[in-house]
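In what follows, a structure is listed as structure tokens, so that the remarks can point back to it.
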Amino acid sequence: MAQPSSSLPDNAQAHDPGTLHDSEQQGSAPTWISTSAVRRRPVNNTSIQAYPQWDEPTVDGGEETTEKIPHPTTQNSNEILEEQKAPPPISLYGKLGALTTATLIAGTLCIFAAIGFLWFLWLADYRNSTWHHIVYNNWFTRCVSLSGLVIRTAVSLQAGAATSMLASLALERTGVLLLHFASVSLTRDSNGGPYMLAWWLLKTFIRNPARWANATVPALTTALTILTIAIQFTTTALFSDVNSIVVPGPSNRLDLASNFVYNVNGTVPVVTRGTTWTKKPPFYPIFAEYHEDPPETPDGVSDTGLTLRAFVPLQSQQSRAQLKEYEGRATVLDSRVVCMRPNLTGERIHVANNMFVFNGTFKASFNASRLVYFTGGNGTNPLTDWNARTDTEFTCVGLLNYTTAILGNVQSGPSVDEPHWRLAFCQPSGLNFGRNESSLGASTSVLMSEFRTLSNIARYEAMGGAETNYAYGNAYLAINISSGTEAEWLSPPLSQEPAEYATLVGPGYPPLAYSNHGEWLDLVFNSDASLRLSVSLCYTAFDTADLDIAMSGPQNRTEPVPSYDIATSGYTYGAIREQYGQFPDGQVSYDSDSVTARGILSLKKRDSWLPGAGDYVYNGHTSTGGTSWITDFANMGGPIAVGAENERVGWDTAAIMYNAYRDTSSWSNINSINTDPSMVALVQEILQSGGSIAFALQSVITSLTGVAYYDQLQQFNNVNSISYSEFIVATARAKFRGLIGVTTVIAVHLLLMGGIVALFLIRAKLSTVGNSWQAVAQVNAEMARPLLETAAFSTDATVKGVLQTNRWERKIVEIAVLEDGKGTKIVGMRDKHETAASATGSEVDG
């Protein structure tokens with residue numbers, strides 16, 4: 001294989017071409033004759049060199065002849081052989097060509113389209129149907145990937161076109177190393193991007209003594225390289241903004257059982273499991289709430305205001321958590337509670353062993369809105385004279401002892417360690433004072449719910465209409481031992497009474513004094529006021545209705561659970577309290593803006609909350625005396641047996657709300673229950689955090705309803721069509737940083753492209769983009785021709801070795817137009833080596 005000689009002529013540079021020896025006798029290829037030993041004068045950098053012209057062999061009669069190559073001549077630049085002619089003009093479009101022009105225009109349009117589409121994906125939300133369709137069908141990541149691909153492809157194609165332009169500018173304006181001249185020239189036709197061009201121009205920049213005067217093209221190439229590399233990470237940057245988010249899903253219709261349908265005999269297919277006061281809530285279900293503030297109330301009254309809470313007939317906890325909108329039949333609870341200082345008559349306290357019994361009669365001290373008294377026990381004759389209201393008897397038991405030991409009826413936790421409220425909620429019998437037993441259960445006062453009017457408030461009439469059946473839950477007496485230890489209560493001036501009997505036999509002790517604080521009436525039983533019993537009378541609208549309602553929420557939520565406190569080795573109920581409306585600072589708020597923070601839904605207001613068209617209404621008599629089956633389950637004595645009319649179930653029963661134990665042999669006919677420990681802990685935390693007794697009781701009612709409702713949900717037998725939508729977990733934009741970064745890089749890229757194109761169109765005179773023959777022809781100039789003719793089977797490394805041998809690996813050259821304007825030539829530029837030699841006055845060899 002033919003190899004280039006190890007040396008090039010001294011004059012192979014534009015300054016002083018060497019000589020060629022033509023081996024005519026042997027017909028061999030011409031070889032360079034080294035003249036390196038000859039000392040020559042310094043070469044003027046501005047001299048114009050004439051290269052030897054290689055005559056192509058001709059064929060004549062089958063004989064190949066070779067003409068002798070004339071020796072090159074050197075001529076001073078001041079001697080102009082002929083007038084310099086301008087090259088033929090090239091139009092702007094001709095410089096770029098059709099393909100490059102299309103690449104620039106189409107690529108820019110694609111980039112703008114992709115970036116615009118990405119910003120649409122990033123800025124839109126579920127309210128845009130196109131965006132919602134993309135996200136709901138899990139196309140978001142595909143759209144991001146395809147958009148990134150479009151951007152990368154367009155940028156790569158544009159970078160290739162810009163690389164060709166920069167190569168042209170480098171050859172015409174900046175110069176390149178002779179070693180890379182061929183590569184840079186061919187880069188104008190096709191390339192794989194600016195990477196290699198940046199490396200070649202960097203080496204030229206380092207070796208160029210006038211580097212800062214020619215820094216524009218290398219700087220643009222370097223910037224283009226950095227941007228092109230950065231844009232390859234477009235998809236990665238975009239996906240850094242993408243995460244799993246929650247978005248609303250489409251609306252669906254579903255047939256599901258939403259409530260009970262009463263049988264002709266007034267029964268429903270419930271599964272009886274005892275009173276809900278003693279049941280542990282398996283969870284604290286999400287509900288929808290509608291609230292109205294109460295009218296202004298005087299001191300001594302605490303009113304929660306109208307508070308309607310709807311429960312969702314969905315068994316799955318996840319479905320309730322992801323619910324966005326629901327329209328259809330649902331059970332709505334009226335949980336309003338009004339607590340006030342009671343008007344007491346004949347009140348007495350009885351003490352024995354570790355217990356006390358408080359009895360007497362009570363009536364309301366404040367005429368709250370929708371609080372109705374009746375003249376008779378059938379609830380059909382509202383009392384018009386407030387002063388004529390009757391008294392209701394009560395006999396309630398409480399416990400004097402308190403222990404921090406875990407007895408099984410309280411959960412350990414902060415509420416145990418804090419001073420406990422020795423509280424009991426007493427469920428009075430409802431017996432009117434002065435009436436005989438034939439009038440048992442005559443309801444003399446009712447806080448009328450939003451689901452009833454005076455014409456249909458007689459929900460307590462038992463089957464057959466023979467007797468009335470008092471609805472337990474109409475009123476509760478909250479009784480709290482505010483001060484005094486067990487020993488002090490069992491000491492004079494009080495004395496223990498016989499308790500072995502089933503009922504009271506002693507006269508009891510009346511209070512010595514009274515005092516008021518808030519909705520509590522304090523009864524003082526000794527002279528130094530160290531024995532105090534506090535009482536509050538609480539009326540509840542505790543009632544439910546199966547209504548056609550609409551509820552919605554702005555985002556998904558989780559159902560709260562008690563959290564374990566490592567410091568106290570117990571559970572806290574802060575999340576449940578917040579769901580019911582009490583925030584960590586102890587304040588209670590039903591504000592609609594707090595719906596999200598509380599993790600509940602908003603219940604849309606109806607024109608009327610009275611059951612009507614579209615609602616379920618049962619007009620017959622029920623086995624529970626007209627009360628809701630949910631309130632029947634909240635009877636402290638347990639649900640009334642199906643078909644029974646036993647008014648004594650739950651008679652004067654007290655729910656103990658603190659950690660205490662009872663001597664079961666004392667006053668056995670006066671009933672009490674130990675509330676489930678989770679209920680105890682919840683109420684204690686509410687009160688210890690500053691909540692009112694009305695709010696505490698409302699929270700209890702809500703919890704009791706949730707336990708009963710979801711315990712019987714699978715028994716529901718009334719199927720209705722409902723409309724609902726859920727939040728779904730989908731992949732979409734979660735942040736903006738990645739897209740902002742990509743947009744910024746793209747903007748810089750487009751500005752850089754505009755600068756490169758403008759510079760190319762203005763300053764490039766001899767080059768066009770994408771023309772391979774032009775790129776090759778401009779390499780085939782006199783200076784490079786000897787290398788081209790001997791490098792047919794050589795590698796770049798071999799050529800580099802030859803240049804290094806002759807110390808021309810640093811030679812910087814560029815293209816210029818021939819004097820006749822019909823072609824181009826390669827001209828040399830002064831490099832570092834020549835500059836140093838000139839400075840020392842030495843002669844340059846090659």
Side-chain angles (χ1 to χ4, degrees), residues 246 280-294 302-305 307-309 317 320-321 333 335-337 339 404 410-421 423 478 480 517-520 536 538 553-603 657-659 675-707:
V246 177
K280 179 183 182 302
F283 47 83
Y284 293 87
I286 293 165
F287 53 84
E289 183 178 276
Y290 173 78
H291 180 266
E292 292 181 3
D293 291 330
S302 176
D303 190 346
T304 63
T307 311
L308 303 179
R309 291 171 171 172
Q317 187 175 17
R320 297 192 298 270
L333 164 72
S335 64
R336 181 188 176 201
V337 177
C339 294
T404 57
V410 71
Q411 286 184 327
S412 61
S415 62
V416 173
D417 300 328
E418 294 290 333
H420 247 49
W421 285 59
L423 175 69
N480 182 64
H517 69 275
E519 63 267 34
W520 294 93
S536 184
C538 296
Q555 65 182 47
N556 66 328
R557 62 212 68 81
T558 57
E559 293 185 342
V561 294
S563 58
Y564 186 76
D565 188 346
I566 299 177
T568 60
S569 299
Y571 288 89
T572 61
Y573 287 76
I576 291 91
R577 291 189 290 114
E578 188 167 359
Q579 183 192 49
Y580 291 154
Q582 186 182 44
F583 289 87
D585 60 359
Q587 297 297 314
V588 174
S589 174
Y590 303 95
D591 193 87
S592 58
D593 294 335
S594 67
V595 167
T596 301
R598 293 171 58 192
I600 63 174
L601 299 160
S602 294
L603 179 61
M657 304 300 296
Y658 58 102
N659 197 25
T675 310
D676 183 78
S678 61
M679 184 78 73
V680 171
L682 174 62
V683 171
Q684 290 291 335
E685 279 195 29
I686 289 173
L687 297 175
Q688 291 166 8
S689 300
S692 67
I693 191 65
F695 176 77
L697 185 55
Q698 181 186 66
S699 301
V700 169
I701 289 172
T702 303
S703 179
L704 296 176
T705 302
V707 170

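For the numbers below, each heavy atom of this structure counts, side chains included, while hydrogens, waters and symmetry mates do not.
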Please determine, by modelled atom types, if T572 and S563 share a side-chain donor-acceptor pair under 3.5 angstrom. yes
Test item: E685 and Y571 side chains (from C-beta on) under 4.5 Å apart, heavy atoms: no
Between Y580 and Y284, what is the ring plane arrangement, given parallel below 30°, perpendicular above 60°, and tilted in between? perpendicular
The reported gap from CD1 in I286 to CD in Q317 (rounded to nearest 0.5 angstrom) is 7.5 Å
Using side-chain heavy atoms (C-beta onward) and a distance below 4.5 Å, is E289 in contact with F287?
yes
Open item on the list: Would you say that R320 contacts R557 through its side chain, given a criterion of any heavy-atom pair below 4.5 Å between the two side chains?
Closed with: no
Residues P285 and E559: closest non-hydrogen pair is CA-OE2, 3.4 Å
- prompt: With a 4.5 Å limit on heavy-atom distance, are the side chains of E292 and L308 in contact?
  reply: no
Between N480 and W421 the two heavy atoms that sit nearest each other are OD1-C, 3.5 Å
Nearest heavy-atom contact between V337 and C538 is CG1-CB, 4.3 Å
Between the OG1 atom in T702 and the CD atom in Q579, the distance rounded to the nearest 0.5 Å is 9.0 Å
request  = Check the side chains of S689 and Q582 for a donor-acceptor pair under 3.5 angstrom, ignoring hydrogens and angles.
outcome  = no
Looking only at heavy atoms, the pair that brings P554 and T596 closest together is CG-OG1, 3.1 Å
Rounded to the nearest 0.5 angstrom, the CG-OH distance for D565 and Y573 is 12.5 Å
Distance col, row R598:CZ vs Y590:OH, nearest 0.5 angstrom, shows 7.5 Å
S594 side chain to A597 main-chain N or O, any donor-acceptor pair under 3.5 Å? no
I'd like to check H291 versus D293 (side-chain heavy atoms, cut-off strictly below 4.5 Å). Are they in contact?
yes
**Prompt:** Under 3.5 Å, side chain of E519 to main-chain N/O of C339, donor-acceptor pair present?
**Reply:** no
- Within a strict 4.5 Å, meaning less than it, do heavy atoms of the V683 and S699 side chains meet? no
> Does any donor atom in the side chain of S678 or D676 lie under 3.5 Å from an acceptor atom in the other side chain?
Replying inline: yes
Heavy atoms of A696 and L687 approach each other most closely as CB-CD2, 4.1 Å
key: Polar side-chain atom of H420 near backbone of M657 as donor-acceptor pair, under 3.5 Å   = no
For S589 and F583 the tightest heavy-atom approach is CB-CE1, 3.7 Å
Separation between OG1 (T307) and CG (L603), nearest 0.5 Å, reads 11.5 Å
Value for CZ (R309) from CG (L601), rounded to nearest 0.5 Å, stands at 12.5 Å
With distance as the sole test, does S335 use its side chain to make a donor-acceptor pair with the main-chain N or O of Q698 at under 3.5 Å? no
- Query: Any sub-3.5 Å donor-acceptor pair from T675's side-chain atoms to V680's backbone N or O?
  - Reply: no
